[in-house]
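We name chains A, B, ... by the order of the sequence lines, and we start the count at 1 in each one. Just so it is clear, the structure is predicted and the values come from calculations on it, not from any experiment.
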Amino acid sequence: MRLSQLFARTLREAPADAEAPSHQLLIRAAFIRRLMAGVYIMLPLGFRSLRKIEEIVRSEMDGAGAQEIRMPILLPSEPWKITGRWQAYGNEMFKLVDRGGRDLGLGPTQEEVVTPLVAAEFRSYRDLPVNLYQVEWKYRDELRPRFGLVRGREFLMKDAYSFDADVEGMRRSYEVMVEAYRRVFDRCSLDYGVVEADSGLIGGDVNHEFLARTAVGEDVFVVCENGDYAADLEAATYQSGDEASDEELAPLTEVATPGRHTVRDVVDFLGQAPSQLLKTLMYRADGSPVAVLVAGDRDVNEHKLGRALGAREVRMFTDDDFAASGLVKGYLGPQSLPADVTIVADRSVRGGRNWITGANQVDQHVTGANEGRDFRVDRWEDVGLVREGDRCPRCGGSLRLERAIVVGHTYQLGTRYSKPLRATFLDETGNEKPYLMGCYGIGISRILAAVAEQHRDDRGLIWPKALAPYQLVVIAANMDQPEVVRTAECLYEKLLSQGHEVVFDDRDVTAGVKFADADLVGYPAQLVVGSRGLRSGTVDLKLRSSGERIQAPIDDAPSAVARLLQEAP
RNA sequence: CGGGCGGUGGCUUAGCCCGGCAAAGCGCCUGCUUUGGGAGCAGGAGACCGGCGGUUCGAAUCCGCCCCGCCCGACCA
């Protein structure tokens, strides 16, 4: 490809609406252009890199025994209504109505398509296991699209679905996929980790996220300083100091706290630490009222709360809920909650004594509140949100919060979909049983952003060979000198014929522009033909990743390029 | 959806407080001069200042409503 013809106009300055480095560089280097929030056009360079990722994923999926199919994006609503996800996905699913008035959706994921498909075709345990995958654009009306390709409303995903006859089989299929995922991310040169995660709307029990470490990322995860624990923030736990305080029990005393209804206001007013206040938060879990108790310096993890309660939907009390219940927002305490409220306390407050908490009246708090004597706890659960510095659940080491981009997520679904959709096979004894399923996603367009985020410097992108749109750029440094142009052209043709993925920068611009663009786009290697070298019969080679420059005789240039590319990461 | 910030030629921005000829750099076109790390000079094209309404003799500027985008948060590959 000649750059004079390539549909790629690089930008000297970052567009104002891009903040993340990967986003800015992908736009500046002419890989992508924004169409609207969370929706991007793939330009030739970006599309080539995206295809490379796709092919890596395909080869590893095929190698792991999965078979590629292609499922529709436009979906009927019925199976979604059966599994409850038509509602559960809510506004995150793009919904439309056809001319006949039927509800349709754009696919955010495809369990509801693949499960009935397999159930209709593979009816016997003899057919199992089977694993089907596709690479297709997905649609989710995200609450907040972010960082360009990192979280789009339209994104390219590889989704695979395994079907097994029993739990052991499902686990084996799962392991095979996890190993394939490791190879995919290794081949993409990603610095990544595997963590325990929350299964969200997909459901199921065991699941893992593959996280690419980045300074900007849509995801927060927790790691132990000793490296023995890592989990997504939504799933992370911590050791709670269970040792009971030996403090003497103080009497329950009301104190006036006029106008002070935030934790900060109250403890400052009373001259105490936030950890001494017992926060009482009202939730509705599948409709039932639940009070959650945590220390004043900790937040509730609603994902963990939902799981602890076995609830599908957990949301905080609205003002209407407060009005209907007669509880006083801002001055809640567990002492006088009605009997129909389930009181859930985070394990970390178990040892605490003499709490400050609300008095259930405006402008009143109490001190000296104690569990057992003054209030009851119906359930002790692990529902606290991990904070920086909490103790590791494995070793007690200090936990740290880091950001990452989730590039893959694997789930052991069990019968989450096969049961409601009545997707069954006949086992050895002739009994109908639901399939044991797994599902496995890789964000392909997201990998493009994650790799850009991890492989760059202040000059631009630094693509690993496996993902670079082209391996090499041949730069003619002096377009006014026919000898230079002729030599560059000749080398370009030769490299092309040898099968290299090479572009020829034959644009009529100054050398500086070409060098800057070559660094910005991030070709792994650059070959520079200029009048300076030509005098001594040489060309210059540069490795983008290390900045290493060498000279090679013109005749030897193609093999020198091949050797240099060998070295490139 | 809540909080914060923003929308002015293709891009980055100034102008907005304090109303009075829409401006600069980059990019683009023409010509000349240049040519190894985003060259120089000269000329040129390109903007109903996000939209609608209001105030005013006069609105990019003031007021109201709406739309769009970015960042933080709640959700996710």
Side-chain angles (χ1 to χ4, degrees), chain A residues 9-20 23-24 27-28 33-38 57 88-93 108-109 135-160 181 197-202 209-212 216-220 232 234 299-303 314-316 385 404-411 439-450 459-460 475-481 484 508-520 526 528-535 539-540 542 549:
Chain A
R9 194 48 57 77
T10 57
L11 269 40
R12 194 185 288 218
E13 284 169 299
D17 59 6
E19 191 119 329
H23 189 196
Q24 292 187 348
I27 289 173
R28 286 188 54 210
R33 291 288 181 258
R34 189 178 64 91
L35 184 63
M36 57 177 166
V57 170
Y89 249 102
N91 289 334
E92 215 172 302
M93 192 160 169
T109 170
V135 175
E136 193 50 83
W137 293 90
K138 295 289 185 285
Y139 296 83
R140 295 184 190 172
D141 196 359
E142 292 286 347
L143 290 172
R144 179 144 105 88
R146 280 217 263 192
F147 308 137
L149 259 27
V150 170
R151 186 195 282 153
R153 297 197 291 173
E154 178 189 76
F155 60 97
L156 189 60
M157 179 165 114
K158 185 285 303 176
D159 44 326
Y181 271 40
D198 183 84
S199 62
L201 280 171
I202 304 284
E209 279 178 342
F210 295 73
L211 303 180
V216 300
E218 25 68 68
D219 197 74
V220 178
D232 192 277
E234 292 171 357
D299 290 321
V300 172
N301 182 330
E302 292 178 13
H303 302 272
V314 171
R315 57 169 181 80
M316 289 195 89
L385 189 70
I405 296 172
V406 180
V407 288
H409 201 158
T410 53
Y411 306 81
C439 78
Y440 318 90
I442 290 182
I444 291 181
S445 47
R446 182 176 269 186
I447 288 177
L448 194 65
R459 294 180 166 285
I475 294 173
N478 319 93
M479 289 303 287
D480 60 327
Q481 296 179 32
V484 168
D508 194 15
V509 295
T510 60
V513 172
K514 295 185 179 184
F515 296 143
D517 270 352
D519 287 345
L520 176 61
Q526 304 169 13
V528 182
V529 182
S531 52
R532 232 163 51 186
L534 242 44
R535 263 175 252 134
V539 295
D540 298 341
K542 176 179 159 183
R549 293 158 197 266

Any residue meeting side chain to side chain donor-acceptor pair (under 3.5 Å) with [X], in chain and number order, not counting sequence neighbours:
X: A:Ser445; answer: none
X: A:Arg146; answer: none
X: A:Arg28; answer: none
X: A:Asp198; answer: A:Arg307

Please tell me which of the listed nucleotides, [options], lies nearest to the side chain of [X]?
X: A:Arg140; options: B:G36, B:C76, B:C72; answer: B:C76
X: A:Thr10; options: B:G69, B:G38, B:A74; answer: B:G38
X: A:Glu218; options: B:G36, B:C76, B:C70; answer: B:C76
X: A:Leu143; options: B:C75, B:G37, B:C76; answer: B:C75
X: A:Val513; options: B:G38, B:C75, B:G36; answer: B:G38
X: A:Lys542; options: B:G37, B:G69, B:C72; answer: B:G37
X: A:Arg34; options: B:C72, B:A74, B:G69; answer: B:G69
X: A:Asp17; options: B:G69, B:G38, B:G36; answer: B:G69
X: A:Arg549; options: B:G37, B:G69, B:U35; answer: B:G37
X: A:Arg28; options: B:U12, B:G38, B:C76; answer: B:G38

Across the strands shown, which category fits [X] at heavy-atom distances under 4.0 angstrom: base, sugar-phosphate, nothing?
X: A:Asp159; answer: nothing
X: A:Gly90; answer: nothing
X: A:Glu142; answer: base
X: A:Ala18; answer: nothing
X: A:Ser445; answer: nothing
X: A:Phe147; answer: sugar-phosphate
X: A:Arg315; answer: nothing
X: A:Ala516; answer: base
X: A:His303; answer: sugar-phosphate
X: A:Gly441; answer: nothing

Within this structure, what is the [atom1]-to-[atom2] distance between [X] and [N], rounded to whole angstrom?
X: A:Leu11; N: B:U13; atom1: CG; atom2: P; answer: 12 Å
X: A:Asp141; N: B:C75; atom1: CG; atom2: C1'; answer: 11 Å
X: A:Met479; N: B:U35; atom1: CE; atom2: C1'; answer: 11 Å
X: A:Asp508; N: B:C28; atom1: CG; atom2: C1'; answer: 15 Å
X: A:Lys514; N: B:A39; atom1: NZ; atom2: P; answer: 13 Å
X: A:Glu302; N: B:G73; atom1: CD; atom2: P; answer: 15 Å
X: A:Glu19; N: B:C72; atom1: CD; atom2: P; answer: 7 Å
X: A:Gln526; N: B:G38; atom1: CD; atom2: P; answer: 14 Å

Spacing of the [atom1] atoms in [M] and [N] (rounded, Å):
N: B:C26; M: B:A39; atom1: C1'; result: 14 Å
N: B:C71; M: B:G58; atom1: C1'; result: 38 Å
N: B:C57; M: B:C1; atom1: C1'; result: 44 Å
N: B:U12; M: B:G51; atom1: C1'; result: 24 Å
N: B:C75; M: B:U13; atom1: C1'; result: 35 Å

| task | Verify, without hydrogens or angle tests, whether A:Glu218 (side chain) and A:Val406 (backbone) share a donor-acceptor contact under 3.5 angstrom. | result | yes
| Distance-only, no hydrogens or angles: does the A:Arg459 side chain make a donor-acceptor pair with backbone N or O of A:Leu520 under 3.5 Å? |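 Not at all, since once roles are kept as given, no pair shorter than 3.5 Å links the two residues.
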| Which pair of non-hydrogen atoms, one from A:Arg140 and one from A:Pro108, has the smallest distance, and what is that distance? |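 For A:Arg140 versus A:Pro108, the nearest heavy atoms are NH2-O, 2.7 Å.
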| task | Provide the closest heavy-atom pair for A:Val216 versus A:Ala20 in the form atom of the first, atom of the second, distance. | result | CG2-CB, 3.9 Å
| said: Less than 4.5 Å apart, side chain to side chain, heavy atoms only: is that true for A:Val528 and A:Phe515? | reply: yes
| request: Could you say whether A:Gly152 or A:Phe515 is positioned toward the 5' end of RNA chain B, judged by the nucleotide with the nearest heavy atom to each? | output: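 Nearer the 5' end of the strand: A:Phe515.
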| request: Return the 5'-most residue of the pair A:Ala20, A:Gly443 with respect to RNA chain B, ranking by each residue's nearest nucleotide. | output: A:Ala20
| field | B:G73: pairing nucleotide in any strand, Watson-Crick or G-U under 3.5 angstrom | value |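 Across any shown strand, B:G73 pairs with B:C1.
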Between the protein and nucleotides 23-27 of chain B, list the N/O to N/O atom pairs that are separated by less than 3.5 angstrom.
{"residue": "B:G25", "atom": "N2", "partner": "A:Glu13", "partner atom": "OE1", "Å": "3.4"}

| For A:Phe147, what residues pass the ring-ring contact (aromatic ring centres under 6.0 Å, His included) criterion, not counting sequence neighbours? |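 So A:Phe147 forms no ring-ring contact (aromatic ring centres under 6.0 Å, His included) with any residue.
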| For B:A74, does either OP1 or OP2 sit under 4.0 Å from a side-chain N or O belonging to A:Arg144? |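 Checking B:A74 against A:Arg144, no side-chain N or O comes under 4.0 Å of OP1 or OP2.
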| request: Answer yes or no: does a side-chain N or O of A:Thr510 lie under 4.0 Å from OP1 or OP2 of B:A39? | output: yes
